[in-house]
Amino acid sequence: MQLWKGRFKKELSKTTNDFNSSISFDSRMYREDIEGSIAHATMLGECGIIKKSEAEHIVEGLRGILADIDSGALNFDMEAEDIHTFIEGELTKRIGDDGKRLHTSRSRNDQVALDNKLYLKKQVVYIRGQVEELIGVIADKADQYADTVMPGYTHLQRAQPITFGHHLLAYAEMLLRDISRLDDCLKRMDEMPLGSCALAGTTYPIDRTITQKLLGFDRITNNSLDGVSDRDYCIEFASVLSIIMVHLSRFSEEIIMWCSWEFKFIELDDAFSTGSSIMPQKKNPDIAELVRGKSGRVFGDTMTLLTVMKGIALAYNKDMQEDKEAIFDAVDTVKMCLTAFTPMLDTMRVIPENMRKAAAGGFINATDVADWLTKNGVPFRDAYKATGELVARCIELGTDLESLPLDEYKKVCDVFTDDVYNAISLEYCVSQRTAFGGPAPENVKAQAKRVKDIID
Ligand code: ARG
């Protein structure tokens with residue numbers, strides 16, 4: 001069914017109609033479409049563009065349609081061109097000629113932009129809540145494992161001792177930035193396009209502030225061409241979602257590594273693991289792998305939106321109908337990933353002994369040996385070289401810095417005393433890293449509390 005039949009002599013072919021139709025994916029905006037139409041009809045009534053009684057009749061009809069879709073009494077007509085066409089057609093079917101007045105001073109161009117923004121605003125808020133929930137789980141775990149020593153890595157080589165709580169809080173920081181990006185995105189999205197009409201505004205004496213207030217927008221768009229042709233809010237939201245997926249994907253990668261027998265720093269709960277159809281011993285971190293894999297979809301959606309928008313002349317072009325599947329897919333994917341990821345993290349079993357064991361190999365306290373020398377008057381570069389020689393000697397003797405005898409230390413540099421052994425115990429190394437932002441247990445406790453306070 002089309003709204004624009006007047007100038008056409010022939011029916012649209014079935015294949016063209018199917019190709020052109022968006023109802024299979026834009027029907028999810030039915031609530032927003034109806035809310036938008038109720039506000040629009042109310043405004044038309046208040047401004048005297050249609051009679052108040054007509055407006056009331058329309059609003060009543062629309063409420064009935066909403067109730068019937070919600071209850072399942074009314075199904076979408078998949079032959080309809082889009083959700084806007086379907087609801088307007090259904091309204092006229094139900095209330096007769098007054099239904100035909102609804103579209104006065106409106107176009108599907110400002111209507112679709114409105115619906116999309118109303119829908120996506122809710123999604124931003126929902127995802128923000130999910131990210132907050134994940135941050136809460138991270139902060140609780142960080143507090144619990146504030147003094148659990150583990151190796152910190154660079155180049156995936158053991159580098160310096162840190163605490164597991166500190167490692168986890170790095171992700172809380174990323175996700176807090178994501179929250180602030182979502183907030184920014186919402187602020188910019190919060191501009192109502194309705195009243196831009198097809199592209200050139202209207203000659204009717206509309207009052208856009210009435211619809212703005214009824215629909216809960218912060219402000220109205222300033223330019224009718226931009227109002228109907230702007231999809232920055234989709235691109236920006238998809239970009240923020242992509243960054244969220246980068247963070248979830250990196251976290252997933254670490255979880256996958258930590259679950260391997262080579263690390264065994266953690267074990268995932270059975271409820272969040274899967275087995276193999278052939279290898280009976282397997283317990284696979286499929287959920288984390290899927291989250292890592294699904295990041296590709298969201299990046300792809302962002303690229304779709306950028307590409308759809310980059311070459312279209314102002315104002316509306318049908319290309320823009322392609323915005324919805326991309327942004328909806330990005331939204332659905334991120335929601336699904338967060339729904340699975342947060343409880344997976346919450347229920348993981350942490351194995352501190354294995355983290356401690358891994359931290360004890362690989363000379364991760366070598367910097368602390370050099371620092372000890374420096375604090376005892378040796379210039380850092382000389383201390384660095386001396387420690388390098390000590391590491392080489394340890395490798396020769398098959399031992400580590402903690403067990404290397406003092407006379408070996410003294411052979412390399414006579415400043416060394418017994419004291420060095422205390423300074424290089426891993427717990428001590430970590431406890432001394434109290435400079436703001438560092439992994440010392442007291443810092444981690446304080447940061448976990450800070451993070452919790454932010455999201456509470
Ligand atoms: N289904 C269309 C979309 O999603 C609605 C706007 C149609 N406007 C038009 N001038 N054909 O973009």
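Atoms within a ligand are numbered from 1 in the order they appear, just like the ligands themselves.
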Show the atom names and distances, to 0.1 Å, of all donor-acceptor pairs under 3.5 Å that link a side chain in residues 136-157 to residues at least two apart or in another chain.
residue : atom : partner : partner atom : Å
D140    : OD1  : K452    : NZ           : 3.1
K141    : NZ   : D346    : O            : 2.9

> For ligand 1, which atoms sit closer than 4.0 Å to a heavy atom of D82?
Replying inline: 1 (N), 2 (C), 5 (C)

> By number and element, which atoms of ligand 1 are closer than 4.0 Å to a non-hydrogen atom of S22?
Replying inline: 1 (N)

>> Is there a polar contact, in the sense of an N or O pair closer than 3.5 Å, between K318 and ligand 1?
In response: no

> Among pairs that include at least one residue of residues 322-365, which meet ring-ring contact (aromatic ring centres under 6.0 Å, His included), considering only residues two or more places apart or in two chains?
Replying inline: Y119-F328, F251-F341

> Nearest to atom 11 (N) of ligand 1, what protein heavy atom do you find, and at what distance?
Replying inline: R108 NH2, 3.6 Å

> Should we say atom CD of Q130 is surrounded by more than 12 heavy atoms from elsewhere, each under 6.0 Å from it?
Replying inline: yes

>> Starting from atom 8 (N) of ligand 1, what is the nearest protein heavy atom, named by residue and atom, and what distance separates them?
In response: N109 OD1, 2.9 Å

>> Can you tell me which portion of K324 lies within the under-4.0 Å heavy-atom range of ligand 1? Options are side chain, backbone, both, or neither.
In response: side chain

>> Which residue and atom name correspond to the protein heavy atom nearest atom 6 (C) of ligand 1, and how close is it?
In response: Y316 OH, 3.5 Å

> Aromatic rings Y171 and H167: how do their planes relate, parallel, tilted or perpendicular, breaks at 30° and 60°?
Replying inline: tilted

>> Give me the nearest non-hydrogen protein atom to atom 1 (N) of ligand 1 as residue plus atom name, then the distance to 0.1 Å.
In response: Q321 OE1, 2.7 Å

>> Apply side chain to side chain donor-acceptor pair (under 3.5 Å) to residues Q111 and R108 and explain how you reach the verdict.
In response: CA-CA 5 Å; Q111 189 178 355; R108 278 182 302 157; over 6 Å; no

> Given the rule in the side chain to side chain donor-acceptor pair (under 3.5 Å) test, do D178 and H247 qualify, once you have shown the distances and angles that lead to the verdict?
Replying inline: CA-CA 9 Å; D178 291 333; H247 298 151; 2.7 Å; yes

